[in-house]
Amino acid sequence: MKYNFSEIESKWQKFWEENRTFQTDNSSNKPKAYILDMYPYPSGAGLHVGHPEGYTATDIICRYRRMKGYNVLHPMGWDAFGLPAERYAMQTNIHPRITTEQNIATFRRQIKMLGMSYDWSREIDTTDPAYYKWTQWIFLKIYDSWYDERVRKGRHIRALEEELMRQGTKDLRFGEHFAAGDWKRKSKKEKHDFLARFRLAYIAEIPVNWCEALGTVLANEEVAEWTDKGYTVERRPMRQWIMRITAYAERLLEDAKELDWPPSTTEQQRNWIGRSEGAEVIFPVKGISQNIKVFTTRPDTIFGATYMVLAPEHPLVEAVTTPAQKAAIDEYRSQAKLKSELERGSEAEKTGVFTGGYVINPATKKGIPVWIADYVLMGYGTGAIMAVPGHDERDFAFARKFQLSIIEVVSGGDISNAAYEEDGVAVNSANDEVSLNDLSTGEAKTKISLWLQQKKLGTPTVQYKLRDWLFSRQRYWGEPIPIVHLEDGTMKPLREEELPLLLPELKKFQPSGTTESPLALATEWVAVIDKETGMKGRRETNTMPQWAGSCWYYLRFIDPKNSKEFCSPELERRWMPIDWYIGGAEHAVLHLMYARFWHKVLYDLGHVSTKEPFMKLRHQGMILGEDSRKMSKSRGNVINPDDVVKEYGADAMRLFEMFMGPLEEMKPWSTRGVEGVYRFLNRVWRLYVNEEGILDGAVKEASVPSELERLFHATAKKVGDDIENLRFNTAISQMMILVNELTKSELRPRQILEPLVLLLAPFAPHIAEELWRILGHTSTLAYESWPSFDESKLQQKRVEVVFQVNGKIRAKCDVAVDADEATLKSLALAEANVKLHLGGKQIVKEIVVKNKLVNFVVR
């Protein structure tokens with residue numbers, strides 16, 4: 001009887017759904033396994049065959065863990081807010097909720113079609129008000145928190161207020177100092193503004209990537225996508241919501257050491273945080289009573305600083321610029337606005353304009369020129385650099401181009417040809433008060449830092465490349481930010497009982513015509529009266545970025561129907577942290593960094609029990625098109641899983657995606673490869689089922705040959721080990737070897753064929769369930785015990801040894817494992833074909849490799 005995959009797969013998918021086979025039991029006493037996919041953004045295009053690769057991997061792990069006696073939590077949901085749905089709404093005036101629901105339905109159908117063992121009762125959607133109520137709640141918890149560096153943790157803002165009431169800023173490391181009485185005398189607005197300097201969520205005016213046509217700010221990582229589509233993006237200063245992730249930079253670095261993540265991912269996070277030790281140095285501006293601070297990791301080279309470069313957005317550019325240079329500076333700043341930060345940092349040829357102004361080098365007491373250049377960014381350090389062209393390659397190229405002075409202050413190189421960036425011995429580095437000459441780089445750093453500190457010209461500092469998280473978007477399709485701006489200039493968060501703050505219904509979704517989001521057009525929604533004070537207020541019209549909902553979704557999966565809490569503390573303690581997290585390497589930094597930050601704030605405030613959410617992380621590699629290029633509609637190489645499943649079945653697609661190669665490697669799709677796996681499943685089917693569609697009579701309890709028994713135990717061991725280590729391709733290869741041997745044999749021992757079905761089940765669950773039923777079982781195999789193996793039966797008792805003459809095989813023989821040399825040689829010499837090729841010749845050398853070969857070298 002033919003293997004009818006279509007009928008079998010629909011039958012078992014219906015069975016699992018009706019019987020809630022994979023619904024997680026919170027009351028179970030079994031050990032827990034929380035296994036999570038990075039949930040998808042449901043686009044209109046639906047899945048292509050690359051998407052299910054990670055889902056199949058986690059599904060295999062889950063099915064294996066259930067059979068190993070674990071209580072498994074394996075949920076699925078949708079990261080459904082985002083710009084693509086809103087852009088479609090702008091073009092069609094169809095509400096993004098409608099298209100989002102349609103897209104989710106397509107994704108859900110396709111994922112169910114593949115037989116993934118998700119607990120669908122826990123499905124979440126970030127656009128569901130019942131979900132984003134708690135996203136808003138977490139935002140308010142972050143807004144009402146500050147980071148206390150003294151105890152290295154986030155605390156409620158109320159604790160800061162109480163401290164200020166009690167003793168002012170006495171114990172705070174803060175520039176402004178005042179006593180408790182001074183705090184009490186401050187107005188409501190003054191207190192509000194002071195606390196805002198500490199809050200973990202705050203508003204500030206910063207340069208952002210503004211796209212006029214889209215009517216929104218774009219994150220740095222989104223700029224390339226939209227400029228490639230023909231949109232213009234410019235840098236523009238705007239008031240934005242920001243999250244103070246930099247406060248957690250050190251902990252994000254430290255705690256990453258405890259994680260079982262790919263080294264490349266933790267390295268990317270370290271680089272993104274970019275911790276640097278150095279000094280912040282003050283350069284007085286010549287002619288005005290202003291100072292410019294620079295951060296440098298090489299304060300020992302300060303005597304070689306021959307010019308300064310400011311970012312075009314630096315607030316002191318206008319103060320430093322002379323009238324004669326104003327036009328050139330203004331033109332350059334306008335051009336810089338049109339470049340992304342990535343472009344500015346990566347352009348090979350550096351550009352810049354002289355401001356006409358000068359600052360005083362605090363070490364040499366000489367004036368040095370101030371330039372602006374777009375390769376200097378406001379987000380890192382202070383937005384200003386002291387340029388030491390003798391010992392920095394970028395500064396060297398800039399100085400050569402604009403004919404600026406180059407001075408050697410560290411010996412060891414030839415600065416007439418190139419900057420010398422290594423450590424060395426200080427030279428030309430002395431004034432009347434301090435000399436670094438003849439000191440090593442380390443000694444020079446220590447001495448100059450101490451001198452700068454004594455002269456109040458600088459302080460030792462740790463800087464991070466990591467910038468605070470730009471959190472607001474000028475979009476409709478996102479979580480409303482639950483803040484009201486009152487007419488007295490203060491901000492008021494909504495109370496928990498006022499959540500969720502729902503999105504207003506709009507008649508059109510185009511940009512507002514200002515830099516505000518389309519929410520600004522919902523005038524009745526925007527304008528409010530504060531019930532407590534009677535003051536007029538205006539709702540925040542920015543919405544949260546798409547990252548917000550994905551920062552905590554793993555917690556909601558634990559307790560998705562809870563209307564009173566974002567997650568039950570008891571259930572959170574039971575399930576966290578996540579044991580396996582699998583998703584794309586493209587999220588190596590941003591999603592993972594943001595989620596870790598939110599989790600640490602919640603941990604500090606006592607809402608979660610673990611420091612880290614994702615203890616074990618792996619990335620699936622990309623599946624390319626059959627042309628070995630990334631799948632895309634424009635290339636016409638997208639493979640739709642619907643087509644593959646229709647032709648070969650879900651089990652064949654699952655099995656092939658895991659058989660293509662190591663999970664974490666990139667590999668091209670091959671339809672011919674799917675056909676090969678499909679043929680394998682048919683061979684498996686024919687081992688059990690005869691032409692009448694019933695259990696073949698050859699399948700019965702029987703004495704098992706020792707070699708077949710050994711192969712089974714080796715397979716049971718290897719498949720389990722390989723699943724544990726995500727080596728799915730070699731697990732499948734091992735099962736193929738066993739099936740090939742069983743196919744050759746007239747004997748089909750039930751004591752091997754029955755556990756073989758269980759070994760196959762995580763990979764090809766539909767055919768396995770059907771064969772399990774044909775074998776006479778009446779319940780699902782999902783919770784059957786994983787097949788055990790006998791270590792003593794893994795040892796091979798006999799092995800095939802080849803007999804050669806002058807390196808050419810002349811005979812083969814089945815011999816006992818570890819037979820000694822004398823036995824092997826005598827067996828070889830007894831072979832007729834070996835004798836024939838030795839006849840009349842002298843044996844000059846005998847090569848014996850135990851368990852492998854005997855080779856006679858003759859002449």
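Source: prediction; values computed, not measured. For this chain, numbers begin at 1 and follow the sequence in order.
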Task: Y375 side chain to T351 side chain, donor-acceptor N/O pair below 3.5 angstrom - done: no
TODO: For N637 and S632, indicate whether the former's side chain and the latter's backbone hold a donor-acceptor pair under 3.5 Å.
DONE: yes
Task: Check: E496 main-chain N/O paired with K133 side-chain donor or acceptor under 3.5 Å - done: no
Open item on the list: Checking the side chain of T106 only, and the main-chain atoms of Q102 only, is there a donor and an acceptor separated by less than 3.5 Å?
Closed with: yes
Open item on the list: Tell me whether K531 contacts the main-chain N or O of I529 through its side chain, where contact means a donor paired with an acceptor under 3.5 Å.
Closed with: no
Task: Salt bridge present between R556 and E565 (N-O < 4.0 angstrom) - done: no
Task: Euclidean distance, R475 CZ relative to R87 CZ, rounded to 0.5 Å - done: 11.5 Å
Open item on the list: For L47 versus P641, what's the shortest heavy-atom pair and its separation?
Closed with: O-CD, 3.1 Å
Open item on the list: Could you tell me if R235 and N209 have a donor-acceptor pair between their side chains, going purely by distance under 3.5 Å?
Closed with: yes
Task: Any side-chain donor near an acceptor of the partner, W210 and E212, under 3.5 Å - done: yes
Open item on the list: Determine whether the aromatic ring centres of residues H619 and W261 are separated by less than 6.0 angstrom.
Closed with: no
Open item on the list: Name the residue from Y594, Y553, F597 that meets the ring-ring contact (aromatic ring centres under 6.0 Å, His included) definition with W547.
Closed with: Y594
Open item on the list: salt bridge (Lys or Arg N to Asp or Glu O under 4.0 Å) for E9 and K112? Distances and angles first, verdict last.
Closed with: CA-CA 10 Å; E9 290 172 358; K112 286 187 174 183; over 6 Å; no
Task: Ring-ring centroid check Y34 H74, cutoff 6.0 Å - done: no
Task: Flag if over 12 foreign heavy atoms under 6.0 Å of CD, E17 - done: no
Open item on the list: Which label fits H51 and F107: parallel for a plane angle under 30°, tilted from 30 to 60°, or perpendicular past 60°?
Closed with: tilted
Open item on the list: Using a 3.5 Å distance criterion without hydrogens, assess whether the side chain of S517 forms a donor-acceptor pair with backbone atoms of Q474.
Closed with: no
Open item on the list: Looking at every heavy atom in both A201 and F139, which two are closest together, and how far apart are they?
Closed with: CB-CE1, 4.2 Å
Task: Validation row, ring centre Y648 to ring centre F656 under 6.0 Å - done: no
- [ ] Could you verify whether a donor N or O on one side chain and an acceptor N or O on the other, from W552 and T135, lie under 3.5 Å apart?
- [x] yes
- [ ] Give a yes or no on whether the backbone of G621 and the side-chain of E664 come within a donor-acceptor separation of less than 3.5 Å.
- [x] no
Open item on the list: For T543 and E479, which I'm curious about, is there any donor-acceptor pair between the side chains at under 3.5 Å?
Closed with: no
Task: Between Q240 and S472: side-chain donor-acceptor atoms closer than 3.5 Å - done: yes
TODO: Answer yes if the side chains of R122 and Q23 hold a donor-acceptor pair under 3.5 Å, and no otherwise.
DONE: no
Open item on the list: Taking the ring of W137 and the ring of F566, is the distance between their centroids below 6.0 Å?
Closed with: yes
- [ ] State whether a side-chain donor-acceptor pair under 3.5 Å links E626 with T671.
- [x] yes
TODO: List the atom of K561, the atom of S121, and the distance in Å for their closest heavy-atom pair.
DONE: NZ-O, 2.6 Å
Task: Any side-chain heavy-atom pair of T58 and L36 under 4.5 Å - done: no
Open item on the list: Side chains of H766 and Q13 only: does a donor on one sit below 3.5 Å from an acceptor on the other?
Closed with: yes
Task: Interatomic distance, I483 atom CD1 to L140 atom CG [nearest 0.5 angstrom] - done: 5.5 Å
Task: Shortest non-hydrogen contact from R635 toward R629 - done: CD-CZ, 3.5 Å
Open item on the list: So for atom OH, which belongs to Y202, do other residues, nucleotides or ligands contribute more than 12 heavy atoms lying within a distance under 6.0 Å?
Closed with: yes
Task: Residue pair P40 / M76, side-chain heavy-atom distance below 4.5 Å - done: yes
Open item on the list: Is it the case that atom CD in E524 sees more than 12 heavy atoms from other parts of the structure closer than 6.0 Å?
Closed with: no
Task: Check: W78 ring centroid to Y41 ring centroid under 6.0 Å - done: no
Task: Any R333 side-chain heavy atom under 4.5 Å of I372 side chain - done: yes
Open item on the list: Could you tell me if the side chain of R539 sits less than 4.5 Å from the side chain of L494, heavy atoms only?
Closed with: yes
Open item on the list: Is it true that D37 and Y581 share a donor-acceptor pair across their side chains at a distance under 3.5 Å?
Closed with: no
TODO: Starting from the C-alpha separation in whole Å, work towards a yes-or-no answer on salt bridge (Lys or Arg N to Asp or Glu O under 4.0 Å) for R495 and E497.
DONE: CA-CA 5 Å; R495 300 185 303 277; E497 55 268 26; 3.0 Å; yes
Task: Closest non-hydrogen atom pair, Y131 against T126 - done: CD2-CA, 3.4 Å
- [ ] First locate atom CG of D643, then atom NE2 of H48, and finally report the distance between them rounded to the nearest 0.5 Å.
- [x] 14.0 Å
Task: Under 3.5 Å: donor-acceptor pair, side chain of T92, backbone of Y88 - done: yes
TODO: Take E86 and R473 through the test salt bridge (Lys or Arg N to Asp or Glu O under 4.0 Å) and record every step on the way to the result.
DONE: CA-CA 12 Å; E86 178 154 356; R473 298 290 186 271; over 6 Å; no
- [ ] Would you please say whether a donor-acceptor pair under 3.5 Å links the side chains of Y476 and H95?
- [x] yes
Open item on the list: Give me the atom names and distance for the closest heavy-atom approach of I60 to R654.
Closed with: CG1-NH2, 4.4 Å
TODO: Would you please test D642 and R109 for salt bridge (Lys or Arg N to Asp or Glu O under 4.0 Å) and show each step?
DONE: CA-CA 10 Å; D642 288 345; R109 175 190 62 77; 2.9 Å; yes
TODO: Without swapping roles, check the side chain of W120 against the backbone of R108 for a donor-acceptor pair under 3.5 Å.
DONE: no
Task: is_close_aromatic(Y118, F22), centroid dist under 6.0 Å - done: no
- [ ] Count the heavy atoms of every other residue, nucleotide or ligand shown that sit under 6.0 Å from NZ of K14, and state whether that count exceeds 12.
- [x] no
Task: More than 12 heavy atoms of other groups within 6.0 Å of K337 NZ - done: no
Task: Presence of salt bridge, R538 and E516, under 4.0 angstrom - done: yes
Open item on the list: I'd like to know if the side chain of W477 and the backbone of A80 have a donor-acceptor N/O pair within less than 3.5 Å.
Closed with: yes
Task: Distance-only side-chain donor-acceptor flag, W241 / E540, under 3.5 Å - done: yes
TODO: Mark yes when over 12 heavy atoms from residues, nucleotides or ligands other than M238 sit less than 6.0 Å from its CE; otherwise mark no.
DONE: yes
- [ ] Answer with yes or no after comparing the ring centroid distance for F614 and H599 against a 6.0 Å cut-off, counting only values under it.
- [x] no
Task: From CZ (R244) to CD1 (I242), nearest 0.5 Å - done: 8.5 Å
- [ ] Would you indicate whether the side-chain heavy atoms of V674 and W669 approach each other to under 4.5 Å?
- [x] yes
